[in-house]
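Have a look at the structure below before the remarks.
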Protein chains: 2
Amino acid sequence: MTDPRVRRWSPVGAAIARLLAPHAEVVLHDAATDRVLAVWNPLSRRATGDPSMLGELKRLDPAGDDVYGPYEKLLSDGRRLSSVSAVLRDDDGEPSAVLCVNLDRTPLEQAAALLAAFAAPTAPRPEALFEQDWAERVHQIVGAYVREHGRPAERLTRDDRLALLAELDAAGVFAVRRAVPVVAGALKISRSTLYALLAEHRRSPRP
Amino acid sequence: MTDPRVRRWSPVGAAIARLLAPHAEVVLHDAATDRVLAVWNPLSRRATGDPSMLGELKRLDPAGDDVYGPYEKLLSDGRRLSSVSAVLRDDDGEPSAVLCVNLDRTPLEQAAALLAAFAAPTAPRPEALFEQDWAERVHQIVGAYVREHGRPAERLTRDDRLALLAELDAAGVFAVRRAVPVVAGALKISRSTLYALLAEHRRSPRP
DNA sequence: GTCCACCTCGGACATTCCGTCCAATTCGTC
DNA sequence: GACGAATTGGACGGAATGTCCGAGGTGGAC
């Protein structure tokens, strides 16, 4: 009845879940069918057998060690999770399952905010007025969107790029010198198209 | 032997100091002579009788309730303090002393950073990539410096402006479009001079 | 007071960047 | 395969950037 993979990995999942409880869930996915094999301490009320949202994982390929993340995930109720995934292989070296640990960062962030606010002077930030390597940040934002939507940057939809531009514009990226060529490069479009899309967005910003 | 003001206010100072120990000092200043009357739990190894650095206080005038701050103060060793001051008046209503409480925020900030870093995904912040109205921030930074040094912007020293430029440059202001004229205006110097000073700073940045 | 070294300033200038436009090409759809 | 829409590279005018210089100004030494 019980899947042999579950038998094999169950102690690991249970141990991690118990260590981080109540703020983390551990999920064991079937690599082939994209189904959930087992969940310990579920945060997002998924049950065994549910389809997992694992499709994206194959696309991220940091070339190598079968460990992904940590990356950020948003739950529908707004909680923010830090997630890591590990590809588990059977004795032949074939991927047979994927183990994901999702840690709810919300309480930690609340605590951090509490400490940071304590006795804070009226002028909050010390320095760090502008992002130093904003180009990196641009690529991160684009990368996040790409991961979220499962399309590599080269074949984003026109609407994708519009939305991404809206995001970047709202973040004030275009107030930075030399930003346009960088963003165009990150979005894999030409400078001309970027200006066209940007004009379109600014003409009628979408909600 | 003991100053009557010290006798009167001593319990207050001692109580506050004991409550916040070991991360806060309480200092009682003489309003007229700018001397330290008493210190509880000193952080900055000042002793009774030392000249206080209170001169600035008169310049900050939030019109009214004799309470100043909290504002930020830097110790020479880099610790950051949150300070509040209260003007204490005698029975005639004349200012007779000033009570300052300096709270060392460093441990709190370290703890906050620790929590914030725990399990943080690689992409830290959600949004708020670039300061939206950076011009305002430039004026704030210059304003802070001016207040700190008690010279209006028109007659800052050359070295003042160099230091201020270093600060702004480190904050990345000059990566923003159209920043140079704004900064020149805020520093009350010409564009030419700004470029000259900036080159001088970048040639030999001071420690 | 005079001199001199050092700054600052306004303006000229070359350079780079920005934003727009267009004709040619590619793409997606039917 | 034909058609309309989107994208592209390139060209262009205008704006911002960064450099340079000569004309004053300022302050200190003597």
Side-chain angles (χ1 to χ4, degrees), chain A residues 129-135 137-138 142 145-146 149-206, chain B residues 129-139 142 145-146 149 151-166 168-206:
Chain A
L129 176 43
F130 300 102
E131 194 67 41
Q132 287 300 340
D133 65 349
W134 49 272
R137 284 297 312 276
V138 169
V142 175
Y145 191 99
V146 164
H149 290 68
R151 286 181 286 277
E154 294 82 13
R155 55 191 81 91
L156 285 176
T157 302
R158 175 188 172 82
D159 284 333
D160 285 339
R161 295 197 237 253
L162 258 179
L164 217 22
L165 272 188
E167 208 172 305
L168 291 168
D169 191 26
V173 170
F174 297 110
V176 175
R177 297 173 59 178
R178 245 148 290 177
V180 168
V182 172
V183 172
L187 259 54
K188 311 287 185 190
I189 57 179
S190 72
R191 216 169 55 92
S192 308
T193 307
L194 169 22
Y195 277 117
L197 293 179
L198 195 55
E200 183 174 337
H201 158 62
R202 308 230 245 227
R203 211 177 310 122
S204 64
R206 44 191 70 197
Chain B
L129 177 43
F130 300 104
E131 193 69 40
Q132 285 304 338
D133 80 350
W134 48 272
E136 187 51 35
R137 285 296 312 276
V138 168
H139 282 99
V142 175
Y145 191 97
V146 163
H149 290 68
R151 283 182 286 276
E154 293 80 12
R155 58 193 79 90
L156 285 175
T157 302
R158 173 188 173 83
D159 284 332
D160 285 338
R161 294 197 238 254
L162 258 179
L164 218 21
L165 272 187
L168 291 168
D169 192 26
V173 170
F174 297 110
V176 175
R177 297 169 62 175
R178 246 146 288 181
V180 168
V182 172
V183 173
L187 259 55
K188 311 286 185 192
I189 57 178
S190 73
R191 218 169 54 91
S192 309
T193 307
L194 169 25
Y195 278 116
L197 293 179
L198 194 55
E200 182 174 339
H201 159 61
R202 308 230 243 228
R203 210 177 312 123
S204 65
R206 43 192 68 198

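Because only heavy atoms are used, hydrogens play no part in the values below, and waters and symmetry mates are left out as well, while side chains stay in. Below, chains carry the letters A, B, ... as their sequence lines are ordered, and counting in each starts from 1.
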Identify whether the distance between the nearest side-chain nitrogen and carboxylate oxygen of B:Glu200 and B:Arg158 falls below 4.0 Å. yes

Between atom CG of B:Leu168 and atom CG of B:Leu194, what is the distance when rounded to the nearest 0.5 Å? 9.5 Å

Side chains of A:Leu187 and A:Thr193 in contact at under 4.5 Å (non-hydrogen atoms): no

Hey, does the side chain of B:Arg177 reach the backbone of A:Phe174 with a donor-acceptor pair shorter than 3.5 angstrom? yes

Five-pair end axes of the helix from C:dG1-D:dC30 to C:dC30-D:dG1 and the angle they enclose, rounded to 10°: 30°

Here the gap from B:Thr157 atom OG1 to B:Leu164 atom CG, rounded to the nearest 0.5 Å, amounts to 11.5 Å

Earliest and latest nucleotide of DNA chain C, 5' to 3', sitting under 4.0 Å from a non-hydrogen atom of chain A? C:dC17 to C:dC21

Please identify which of these residues, B:Val180, B:Leu165, B:Val138, meets the side chain to side chain contact (heavy atoms under 4.5 Å, CB included) condition with B:Val173. B:Val138

Quick check: does any side chain N or O of A:Arg161 sit under 3.5 Å from a backbone N or O of A:Ala153, one acting as donor and the other as acceptor? yes

Can you see which heavy atom on A:Arg151 is nearest to which on A:Arg155, and at what distance? CD-O, 3.4 Å

Let me have a per-nucleotide readout for nucleotides 6-25 of chain D, 5' to 3', with B, S or -, counting only protein heavy atoms under 4.0 Å. SSBBBB-----BBBB-----

Is the closest side-chain heavy-atom distance between B:Leu156 and B:Lys188 below 4.5 Å? no

Shortest non-hydrogen contact between A:Ala135 and A:Val182, atoms and distance: CB-CG1, 4.1 Å

